[in-house]
Amino acid sequence: MSASPARRAASHLLETVLEAQRPLEEALDGVPPMDPRDKAAGHRIAAAVLRRLGSLDAAMEPWLRRAPPAPALRALRIGAAELLLLGTPPHAAVASAVSLAPRPLAGLVNAVLRRLAEAGPAALEGLDAERLDTPPWLWAAWHAAHGEDVRAIAAAHRVEAPLDLSLRPGAALPEGATLLPTGTARLPAGTRITELPGFAEGDFWAQDMAAALPARLLAAREGEHVADLCAAPGGKTAQLALTGARVVAVERDSARMGRLRENMLRLRITPELVCEDAARWQPAAPLDAVLLDAPCTATGTIRRHPDLPHLRRPKDVTKLAQEQRRLLHAAARMLRPGGRMVFATCSLQAEEGEAHLAALPEGMRLDPIRAEELPGLEGCITPQGALRTRPDQGPEGGMDGFFAMRLVRG
């Protein structure tokens with residue numbers, strides 16, 4: 001029996017992420033041509049493995065005397081995910097995994113997965129899944145920053161995120177969507193945005209409910225001159241432009257700028273686009289407002305990007321926090337007296353969020369967020385008046401982890 005295209009795709013994705021240490025989205029671009037349904041199925045299998053890697057390995061451990069070679073381990077993990085998480089019939093899960101393994105290792109894969117099939121979902125019972133599925137350094141950092149809520153955060157990462165949409169003013173709510181108090185439309189996980197009526201017409205764009213909050217907090221007004229720094233893929237640019245503000249979107253990465261340009265074309269929005277390092281770019285005249293969604297480790301988006309825990313390292317936090325400070329100070333210099341800025345990161349790491357409150361740029365003061373600005377999310381406002389969201393918070397389905405603070409010049 002030869003491996004199905006979906007399982008081959010899953011194996012390729014896991015090899016690229018776990019062994020080549022490349023992002024899952026990049027790995028998807030490298031999947032050999034196949035039916036889109038097979039590619040989507042392979043993505044689903046690989047994502048399940050990445051979300052529950054520690055638990056799956058622990059479940060198989062009783063029948064492994066030593067770590068098997070990488071090709072066999074990939075096949076075992078795929079088979080285990082199908083058996084324990086995805087509801088694949090045992091005979092199909094075992095046979096397909098065996099077909100993935102190199103011939104000398106097929107017997108090992110067959111023996112281990114047959115034992116696992118006999119145990120069934122009970123193989124996961126009694127395991128400390130939250131800790132097993134979270135790299136130790138991330139667990140320690142989240143425990144330091146969020147206390148005992150670390151367990152709820154880790155549990156939230158095991159569940160695929162819903163599809164959240166920001167709607168163009170006046171656009172109809174897509175069928176089956178729930179309108180959240182903050183204005184985001186929410187659809188079930190797995191919904192294909194490109195198949196929704198209104199997508200091609202630019203009625204909406206994908207944007208997690210937490211990701212939509214920084215632009216809301218900036219509250220751009222018609223006629224204001226506003227910059228969106230580090231702007232790709234453009235969801236916040238769209239939010240700002242649809243207020244009637246004159247928006248310049250600054251993005252240094254040419255490939256990401258291309259994606260931003262495509263998104264603006266679909267949404268029929270025409271901001272000024274500048275491909276340049278936001279820390280070096282200078283507006284022609286001081287700005288009324290700046291939105292800086294700074295590059296970060298993105299650990300607040302693990303529900304949507306389950307590869308991140310396997311790619312990030314502690315040194316990334318330190319490096320990116322330094323880059324955020326550089327951008328924060330540069331953004332402050334762009335503002336007119338009385339101008340305002342919202343700084344945000346989609347990270348759960350305190351160094352990339354709360355720590356920035358202790359070193360505001362010269363001439364900038366904190367403008368505390370008020371409870372009435374965030375209906376239903378009042379508990380996400382910190383004692384200092386900043387925003388902190390976590391994946392275990394919010395309405396059913398949760399939200400991404402974000403930090404945001406609003407500053408005013410003078």
Chemist: To the nearest 0.5 Å, what is the distance between CZ (Phe204) and OG (Ser166)?
Modeler: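 That separation rounds to 11.5 Å.
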
Chemist: Assess the side chains of Glu130 and His157: does a donor N or O sit below 3.5 Å from an acceptor N or O?
Modeler: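 There is no such pair (donor and acceptor under 3.5 Å, judged by atom type) between the side chains of Glu130 and His157.
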
Chemist: Salt bridge (charged side-chain N to carboxylate O under 4.0 Å, His left out) with Arg216: which residues, sequence neighbours excluded?
Modeler: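 If we apply the salt bridge (charged side-chain N to carboxylate O under 4.0 Å, His left out) test to Arg216, skipping adjacent residues, there are no hits.
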
Chemist: Donor-acceptor pairs are to be reported for all side-chain atoms of residues 44-51 against protein atoms at under 3.5 Å, with residues two or more places apart or in another chain.
Modeler:
{"residue": "Arg51", "atom": "NH2", "partner": "Arg303", "partner atom": "O", "Å": "2.8"}

Chemist: Would one find more than 12 heavy atoms of other residues, nucleotides or ligands at under 6.0 Å from atom CD of Glu175?
Modeler: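 No, the 6.0 Å shell around CD holds no more than 12 heavy atoms from other groups.
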
Chemist: Answer yes or no: is there an ion pair linking Arg406 with Glu373, defined by an N-O contact shorter than 4.0 Å?
Modeler: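 Yes.
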
Chemist: Which residues satisfy the ring-ring contact (aromatic ring centres under 6.0 Å, His included) test with His356, sequence neighbours excluded?
Modeler: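 For His356 the ring-ring contact (aromatic ring centres under 6.0 Å, His included) partners, ignoring immediate neighbours, are Phe343.
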
Chemist: With sequence neighbours excluded, tell me which residues meet side chain to side chain donor-acceptor pair (under 3.5 Å) with Glu82.
Modeler: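 Glu82: side chain to side chain donor-acceptor pair (under 3.5 Å) contacts with Arg7, Thr88.
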
Chemist: Tell me every residue that passes side chain to side chain donor-acceptor pair (under 3.5 Å) with Asp392, counting only those two or more places apart in sequence or in another chain.
Modeler: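 With sequence neighbours excluded, Asp392 shows a side chain to side chain donor-acceptor pair (under 3.5 Å) to Arg390, given in chain and number order.
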
Chemist: Is a donor from one side chain sitting under 3.5 angstrom from an acceptor on the other, for Glu352 and Thr297?
Modeler: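 There is such a pair (donor and acceptor under 3.5 Å, judged by atom type) between the side chains of Glu352 and Thr297.
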
Chemist: Tell me which pairs pass salt bridge (charged side-chain N to carboxylate O under 4.0 Å, His left out) where either residue lies in residues 104-123, with sequence neighbours left out.
Modeler: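 The answer is none; no pair qualifies.
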
Chemist: Would you please say whether a donor-acceptor pair under 3.5 Å links the side chains of Thr301 and Asp400?
Modeler: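 Per modelled atom types, Thr301 and Asp400 side chains form no pair under 3.5 Å.
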
Chemist: Please list, chain by chain and in numerical order, all residues satisfying side chain to side chain donor-acceptor pair (under 3.5 Å) with Gln384, sequence neighbours excluded.
Modeler: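 Once residues adjacent in sequence are excluded, the partners of Gln384 under the side chain to side chain donor-acceptor pair (under 3.5 Å) criterion are Thr382.
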
Chemist: With Leu229, which of Met341, Met334, Glu251, Arg252 fulfils side chain to side chain contact (heavy atoms under 4.5 Å, CB included)?
Modeler: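 Only one option passes, and that is Met334.
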
Chemist: Does Asp38 have any salt bridge (charged side-chain N to carboxylate O under 4.0 Å, His left out) partners at least two apart in sequence or in another chain, and if so, which?
Modeler: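 Once residues adjacent in sequence are excluded, Asp38 has no partner under the salt bridge (charged side-chain N to carboxylate O under 4.0 Å, His left out) criterion.
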
Chemist: What's the spacing between His12 NE2 and Met34 CE if we round to 0.5 Å?
Modeler: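 So the gap between those two atoms works out to 8.5 Å.
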
Chemist: Can you tell me how far the CG atom of Asp128 sits from the OG1 atom of Thr134, to the nearest 0.5 Å?
Modeler: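 Interatomic distance, Asp128 CG to Thr134 OG1, rounded to 0.5 Å: 9.0 Å.
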
Chemist: Do Ser11 and Arg8 have side-chain N/O donor and acceptor atoms under 3.5 Å apart?
Modeler: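 No, because no side-chain N or O of Ser11 sits under 3.5 Å from a partner of the opposite role on Arg8.
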
Chemist: Taking the basic N atoms (NZ, or NE/NH1/NH2) and the acidic carboxylate oxygens, is any pair closer than 4.0 Å for Asp277 and Arg280?
Modeler: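 Answer for the salt bridge query: yes.
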
Chemist: Taking only residues two or more places apart in sequence, or in another chain, which ones meet Arg65 in a salt bridge (charged side-chain N to carboxylate O under 4.0 Å, His left out)?
Modeler: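 Arg65: no salt bridge (charged side-chain N to carboxylate O under 4.0 Å, His left out) contacts found.
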
Chemist: Could you state the interatomic distance from CG (Leu84) to CZ (Arg52), rounded to the nearest 0.5 Å?
Modeler: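 Going from the CG atom of Leu84 to the CZ atom of Arg52 covers 9.0 Å.
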
Chemist: Identify, with sequence neighbours excluded, every residue that meets ring-ring contact (aromatic ring centres under 6.0 Å, His included) alongside Trp139.
Modeler: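 With sequence neighbours excluded, Trp139 shows a ring-ring contact (aromatic ring centres under 6.0 Å, His included) to no residue whatsoever.
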
Chemist: Is there a donor in the side chain of Gln349 and an acceptor in the side chain of Arg312, or the other way round, less than 3.5 Å apart?
Modeler: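 There is no such pair between these side chains.
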
Chemist: Surrounding CD of Glu222 (heavy atoms of other residues, nucleotides or ligands, distance under 6.0 Å), is the total greater than 12?
Modeler: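 Counting other residues, nucleotides and ligands, CD of Glu222 stays at 12 neighbours or fewer.
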
Chemist: Please enumerate all residues that pass side chain to side chain donor-acceptor pair (under 3.5 Å) together with Arg261, with sequence neighbours excluded.
Modeler: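 For Arg261 there are no side chain to side chain donor-acceptor pair (under 3.5 Å) partners, ignoring immediate neighbours.
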
Chemist: To the nearest 0.5 Å, how far apart are CG in Leu64 and CD in Glu61?
Modeler: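 Rounded to the nearest 0.5 Å, the CG-CD separation comes out at 8.0 Å.
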
Chemist: With rounding to the nearest 0.5 Å, note down the distance linking CG in Asp307 to CG in Leu18.
Modeler: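 If I round to the nearest 0.5 Å, the distance is 9.0 Å.
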
Chemist: Using side-chain contact (heavy atoms from CB on, under 4.5 Å) as the criterion, list what pairs up with Pro395, not counting sequence neighbours.
Modeler: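 Result, side-chain contact (heavy atoms from CB on, under 4.5 Å) vs Pro395: Leu180, Arg186, Met209.
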
Chemist: Would you say CZ of Arg313 has more than 12 non-hydrogen atoms from neighbouring residues, nucleotides or ligands within 6.0 angstrom?
Modeler: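 Check passes, neighbour count above 12.
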
